[in-house]
Amino acid sequence: MSNKYSYSNEKKAVRTSTTIKLVILVILILAVIAGIIFLFTRGKPVDFKIQFLGSKKNGMTYEARKFAIDLRNTFDRILIQDGISMESYQIAGKTGNPPSKKSDYCYLKDQINLLGFYAEQKDKSEFNELNENLKLNFSAGNGLFVKRILMSTLQKPKGELEIKISDQLSYCRVLIESYQSFGSSKNLEDAKSIAALIYPLCKENLILPSEITVAVANPQSIPDYWATPVPKPSAQITIDPKSITYIGVVNLADIDLFAMKLLIVVDKRWEEIYNNCLSVIKIAKLAKPAPLYNAGYDVKAKAYIPYLSKEPEFNFSDQMDIVLHLAEVSQIDESAYSYLKQLLFNTNNYYETYQIISASPKTENESIASYAKMARIARIKTDQELYNLCISRLKWNTATNKESQIFALPFRKLVDEKILAFSQDAVLMMKAVF
């Protein structure tokens, strides 16, 4: 009896051992299959074929490399604090009055622009450090990021939680560019996550959400300055306050077409949004007073808004953004490009604002950002002569005194004689000269 029982237990033990071996074998086979699937699907590198249009990789570099290095060194010393790019720095007056002053805010857009520069330069360590600080300090707690934080505390202003979808889109772009530059798969996954959150907001009208509220007259139109017979209409627009209404519009300068093209590679749903945005921007081009662009788009009325500021004027940096975004996806309008090129050659200047009626300068303040953006466009167009002129104008607006606190940085002189260096200008300039 005991022998039979012992023999029966022995057979059960053999069967149990065999079963365990089979289970282990099946698990190993499944693991191998899963590994193969991972390698050929999710683990397969995504080639975005990014050429960094407008960078030195397109064949044009600025010979005075030392100038570019001085620019970056001073930028790092003056405009970076606690691993974050501040908005601006005001130098002290000649007698120490007013004293030097750091800006009150740090803007998400400035961090994104700087990350784009690091990605182009394949500067992985600088990119990772700034990116981690961005995620830590600008997080809105919902997977997206706030527009600005206080410089003093690196925290969001009390009661403020403003999130710009256009900033999130541009952040996706630089995250994908970093993936292409140094293979950061985590950054690619972060870009996908952010894109998934903002997609429903863009899908609604196949364009970015309306993020700017503007006061417009009914209707807002541009008188024909070149009309005949004379007299010509005044260069100033007189608006009846009773006719003003407030509407939400899309700033066309905020539509980063190249960012959308990158997202299409990982999510085809963005193609429909890209195509519509491209169409909206192309149709926005004006014939008079110059081949410039309407500034905004009223989604509800499907109508264009010539200007977004309180004053009837073209913001020239925004105009350059629109043209640059088109150039980056090989859709630049040649008449607009020709006009902007000839304007610089004929006048030797780009100004911050222009009259909406006559397209004549409205201010004497030069637009540093416009020179830098046009330099990028010139590189895309392989226009060395235009590129050199843009760099010349950038240098003209740069501190050349080696004893200056902002040596090699571009600066703006305000009406009250205060002198400020802005991160936006400096980063755009670095992207133009490196």
Side-chain angles (χ1 to χ4, degrees), residues 48-55 58 108-110 112-113 115-117 119-120 164-177 191 195 198 202 206-212 249-265 270-286 291-297 299 304-305 308 314-341 350 367 369-381 383 386 390 424 427-428 431-432:
F48 289 92
K49 297 182 173 63
I50 299 174
Q51 298 178 10
F52 292 112
L53 294 176
S55 73
N58 287 82
L108 177 61
K109 189 171 184 178
D110 287 337
I112 293 170
N113 286 339
L115 286 173
F117 171 72
E120 283 187 3
K164 287 191 67 178
I165 300 304
S166 56
D167 285 349
Q168 320 303 311
L169 177 65
S170 294
Y171 186 31
C172 288
R173 169 178 175 163
V174 299
L175 288 172
I176 293 174
E177 287 175 341
I198 67 174
C202 299
L206 299 180
I207 197 169
L208 293 179
S210 300
E211 297 187 303
I212 296 179
V249 301
V250 179
N251 184 355
L252 296 184
D254 284 342
I255 301 178
D256 191 334
L257 294 168
F258 190 66
M260 292 181 182
K261 287 206 78 171
L262 293 178
L263 290 177
I264 292 171
V265 177
W270 280 93
E271 188 164 13
E272 187 179 16
I273 298 173
Y274 166 80
N275 288 335
N276 184 64
C277 287
L278 179 60
S279 176
V280 167
I281 292 174
K282 282 186 170 183
I283 297 172
K285 191 168 79 70
L286 298 163
L292 299 173
Y293 289 83
N294 282 289
Y297 184 66
V299 175
Y304 291 96
I305 309 298
L308 303 179
F314 291 114
N315 179 308
F316 215 64
S317 179
D318 281 357
Q319 290 290 322
M320 283 294 182
D321 271 329
I322 294 173
V323 177
L324 177 57
H325 289 155
L326 287 168
E328 288 178 329
V329 294
S330 303
Q331 294 291 333
I332 192 170
D333 181 272
E334 290 300 326
S335 65
Y337 173 70
S338 178
Y339 171 78
L340 294 171
K341 176 178 178 177
Y350 285 146
S367 175
S370 293
Y371 294 135
K373 292 168 187 176
M374 194 59 176
R376 302 275 294 184
I377 296 169
R379 277 177 164 171
I380 294 172
K381 298 288 290 182
D383 192 331
L386 175 59
C390 290
Q424 174 191 345
V427 174
L428 287 171
K431 293 180 79 171

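If you're wondering where the values come from, they're calculated on a predicted model, not measured in any experiment.
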Query raised in the report: Nearest heavy-atom pair of A253 and D318: which atoms, and what distance?
Result: CB-O, 3.5 Å
**Report entry** Residue pair Y339 / P291: nearest heavy atoms and the distance that separates them
**Finding:** CB-CG, 3.4 Å
Query raised in the report: In Å and rounded to the nearest 0.5 Å, what is the CG to CD distance from L206 to E271?
Result: 12.0 Å
Query raised in the report: In Å, rounded to the nearest 0.5 Å, how long is the span from CG of D256 to OH of Y274?
Result: 11.0 Å
Query - Any L108 side-chain heavy atom under 4.5 Å of Q168 side chain - result: yes
Report summary line: Looking only at heavy atoms, the pair that brings A259 and R173 closest together is CB-CB, 3.7 Å
**Report entry** Closest approach of F48 to L262 (non-hydrogen atoms, all atoms of both residues)
**Finding:** CE2-O, 3.3 Å
Query raised in the report: Going by an N to O cut-off under 4.0 Å, is there a salt bridge joining K381 and E334?
Result: yes
Requested in this report: List the atom of A432, the atom of A375, and the distance in Å for their closest heavy-atom pair.
Outcome: CB-CB, 3.9 Å
Requested in this report: Hey, could you give me the CD1/CG distance between I281 and N294, rounded to the nearest 0.5 Å?
Outcome: 12.0 Å
**Report entry** Salt bridge present between E120 and R376 (N-O < 4.0 angstrom)
**Finding:** yes
Query raised in the report: So do the side chains of D254 and L169 get within less than 4.5 Å of each other, counting heavy atoms only?
Result: no
Query raised in the report: What pairs with S317 under side chain to side chain donor-acceptor pair (under 3.5 Å), at least two apart in sequence or on another chain?
Result: K373
Requested in this report: Give a yes or no answer on whether the side chain of Y371 reaches the backbone of Y350 with a donor-acceptor pair at less than 3.5 Å.
Outcome: yes
Query - C202 and M260, any side-chain heavy atoms less than 4.5 Å apart - result: no
Requested in this report: Run the numbers on E211 and N251 for side-chain contact (heavy atoms from CB on, under 4.5 Å), then give the verdict.
Outcome: CA-CA 7 Å; E211 297 187 303; N251 184 355; over 6 Å; no
Report task. Would you indicate whether the side-chain heavy atoms of Y293 and K282 approach each other to under 4.5 Å? Result -> no
Query raised in the report: How many angstroms lie between CG in L208 and SG in C277, if you round to the nearest 0.5 Å?
Result: 5.5 Å
Query - Residue pair L175 / L115, side-chain heavy-atom distance below 4.5 Å - result: no
Query raised in the report: L286 and Y304: side-chain contact (heavy atoms from CB on, under 4.5 Å), yes or no, with the steps?
Result: CA-CA 10 Å; L286 298 163; Y304 291 96; over 6 Å; no
Query raised in the report: Going by heavy atoms in the side chains, are L257 and Q331 under 4.5 Å from each other?
Result: no
Requested in this report: Check whether any side-chain heavy atom of V299 sits under 4.5 Å from a side-chain heavy atom of V250, and report yes or no.
Outcome: yes
Query - Residue pair Y297 / I255, side-chain heavy-atom distance below 4.5 Å - result: no
Query raised in the report: Quick one: side chain to side chain donor-acceptor pair (under 3.5 Å) partners of N113, sequence neighbours excluded?
Result: none
**Report entry** Where L428 and A369 come nearest, the two heavy atoms and their spacing
**Finding:** CD1-CB, 3.7 Å
